[in-house]
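Worksheet: the structure to be examined is printed underneath.
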Number of protein chains: 2
Amino acid sequence: MDAQSPETNLSPWMPFESRRRARDEKREAVLRTAVRLFLEQGYHRVTLNDVAERLNITKPALYNYFRSKDEILFECWALGQEIVDEFIAEIDNGGGNALAKLRKLIQAYAEQMTTDSGASLVRFDARDLTAENQKIVRAAKKRIDRTFRKYLADGVADGSIKPCDPKLAAFAIAGSLNWIGHWYQRAGAWSAEAVASRFAAQLTEGLANDRPSKRGPGTPKKSRPAKGGRK
Amino acid sequence: MDAQSPETNLSPWMPFESRRRARDEKREAVLRTAVRLFLEQGYHRVTLNDVAERLNITKPALYNYFRSKDEILFECWALGQEIVDEFIAEIDNGGGNALAKLRKLIQAYAEQMTTDSGASLVRFDARDLTAENQKIVRAAKKRIDRTFRKYLADGVADGSIKPCDPKLAAFAIAGSLNWIGHWYQRAGAWSAEAVASRFAAQLTEGLANDRPSKRGPGTPKKSRPAKGGRK
DNA sequence: CCCGTATATTACCCATGAGTAATAAAAAGT
DNA sequence: ACTTTTTATTACTCATGGGTAATATACGGG
């Protein structure tokens, strides 16, 4: 028998590597559990004891992986944001005119909103984070917003999108999509992809039937009575 | 001098009435202050001491008007919901076809979202309330949702609205509108009415330019490549 | 087999903030 | 003026939960 066993010989780094990987897996397990609980019950109603308990460990063990509760919250958020940044880059570098890109973005973003990590982007309160992390979150939200506005502005410029204010239109679209994170449940009747594709269609095509195929019972008038609001 | 001053004579109930009114005014002042702070900083970061301090009183004084912090939160919410219920009733009893009613609803709801009491409807977490009050909130949200769906379904039936799934379309619209409560600021460039009317237009008319007036640079094709989603 | 490191546990600390006496000041009623 | 009721204050209780210190246990390396 040799002084060294074969496995040790094959990969001297393996023990170290596997150890590091085990650690990362545990870290991620904490985040998965935390994000679930935070979404289910809300950040402030979830204690670190709750998180630990669901992982069959005790609270102080968590501090081997994270420095504070708000750091856990931030890392949960970051997981979701990473995915968004990825598909934004993918769409941005891909082909198609502005309207096509906008539709792709809506589709991808809507699907993301049906996941835990996606919902965490809109259901967590950035004010629970440190000032530095709040800055990071704000920057990320700005990136998303800029992308929507860019596609809208480009689309207006190239004629694929009706003249509109990109800022306001971006808010309208983002609102619809973010809201998915509040109501969507996997148990429901709609698959994530189905919701996403319907949203992509509706948000870009609108609802009003300007040119009814025959003639609607409503005898659609072009002119609205007055510009004034309600009341 | 008479034994009774004229005012006292005119209204024997006045002392009692004015007392009750003073009380109600103070109650409302508490709510106005609370709603502001809750929106500014988030419910869990606002202490009752904070609320009291801004009113130049001390915490226990609040307990003359409310039984608990979560009751204050609930009453803040109820103030906003009351307004929504009112204009829903008004629109529902008013004239116009389904699409017209939908536009009125969007307009009114959007305007409401630009106010403190409106924003509280979407920015407060119902899970901070007692189980009973959570029920009330759920019922109210259901009422709003039903109204949107009804107008959409009616519109599809009478031809004023494109065929669509009212459930999903209602979510899309409500999402856009609720989101206003998260981003709108009075200090911004847009008035509440301007935002509301743009939303009413965009959400019902859509964005895509199906029939460009001359011929857009994008050489619009009628056929989209495939029904499948992204990726 | 022993040592050092990583990871876990038990038992604490302690700031925070909702809610509650006990009591004082103010206003209303007579 | 005297009493009662309402409204406010000061001074407290106390449960909660984030975070830490001291310490035990598992584990890979030599």
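- In terms of polar N and O atoms assigned as donor or acceptor, the side chain of K59(A) comes within less than 3.5 Å of the base of dG18(D) in a complementary pairing.
- Out of dT9(D), dT20(D), dT7(D), the shortest distance to the side chain of P60(A) is found at dT20(D).
- Regarding L37(A), its CG atom lies at a distance of 13 Å from the P atom of dG17(D), rounded to whole Å.
- A donor-acceptor contact closer than 3.5 angstrom is absent between the side chains of Y43(B) and D70(B).
- By the neighbour-count criterion of 12 heavy atoms within 6.0 Å, atom NZ of K150(A) is densely surrounded, having more than that number from other residues, nucleotides or ligands.
- Remark: side-chain polar atoms of K141(A) are paired, donor with acceptor, to backbone N or O of L121(A) under 3.5 angstrom.
- Two residues are said to be in side-chain contact when any heavy atoms from C-beta on lie closer than 4.5 Å; D50(B) and T47(B) meet this criterion.
- Side-chain atoms of Y63(A) lie closest to dG18(D) of the nucleotides dG18(D), dG19(C), dA8(D).
- For T58(A) and dT9(C), the shortest distance from a side-chain N or O to OP1 or OP2 is below 4.0 Å.
- Atom-to-atom, OH of Y65(B) to P of dT6(D) comes out at 12 Å; the value is rounded to the nearest Å.
- Within residues 38-50 of chain A, the residues having any heavy atom under 4.0 Å from DNA chain D are, by residue number, V46(A), T47(A), L48(A).
- A straight line from CD of E71(A) to P of dG19(D) spans 10 Å, rounded to a whole angstrom.
- The distance between atom CZ of R27(B) and atom C1' of dT7(D), rounded to the nearest whole Å, is 15 Å.
- Residue L62(B) contributes atom CG, which lies 13 Å from atom P of dT7(D) at whole-angstrom precision.
- A cation-pi arrangement is absent between K104(A) and Y151(A) under the rule of less than 6.0 angstrom and at most 45 degrees off the ring axis.
- Under 4.0 angstrom from either OP1 or OP2 of dA6(C) there lies no side-chain N or O belonging to R23(A).
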Begin with the C-alpha distance, continue with both residues' side-chain angles, and end with the deciding distance and a verdict on ring-ring contact (aromatic ring centres under 6.0 Å, His included) for W179(A) and F171(B). CA-CA 8 Å; W179(A) 196 240; F171(B) 275 137; 8.1 Å; no
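- Nearest to the side-chain atoms of K69(A) among the listed nucleotides dT7(D), dG19(D), dT9(D) stands dG19(D).
- As a whole-Å value, the separation of I57(A) CD1 from dA24(D) P is 21 Å.
- In this structure, F66(B) reaches neither bases nor backbone, as no heavy-atom distance under 4.0 Å exists between it and the strands shown.
- With 3.5 Å as the limit, one finds no donor-acceptor pair spanning the side chains of H44(A) and D125(A).
- With dA8(C), dA8(D), dG19(C) as the choices, the nucleotide that has an atom nearest any side-chain atom of N64(B) turns out to be dA8(D).
- Taking atom CD of residue E53(A) and atom C1' of nucleotide dT9(C), one finds them 15 Å apart after rounding to whole Å.
- Rounded to whole Å, atom C1' of dA18(C) lies 14 Å from atom CG of D128(B).
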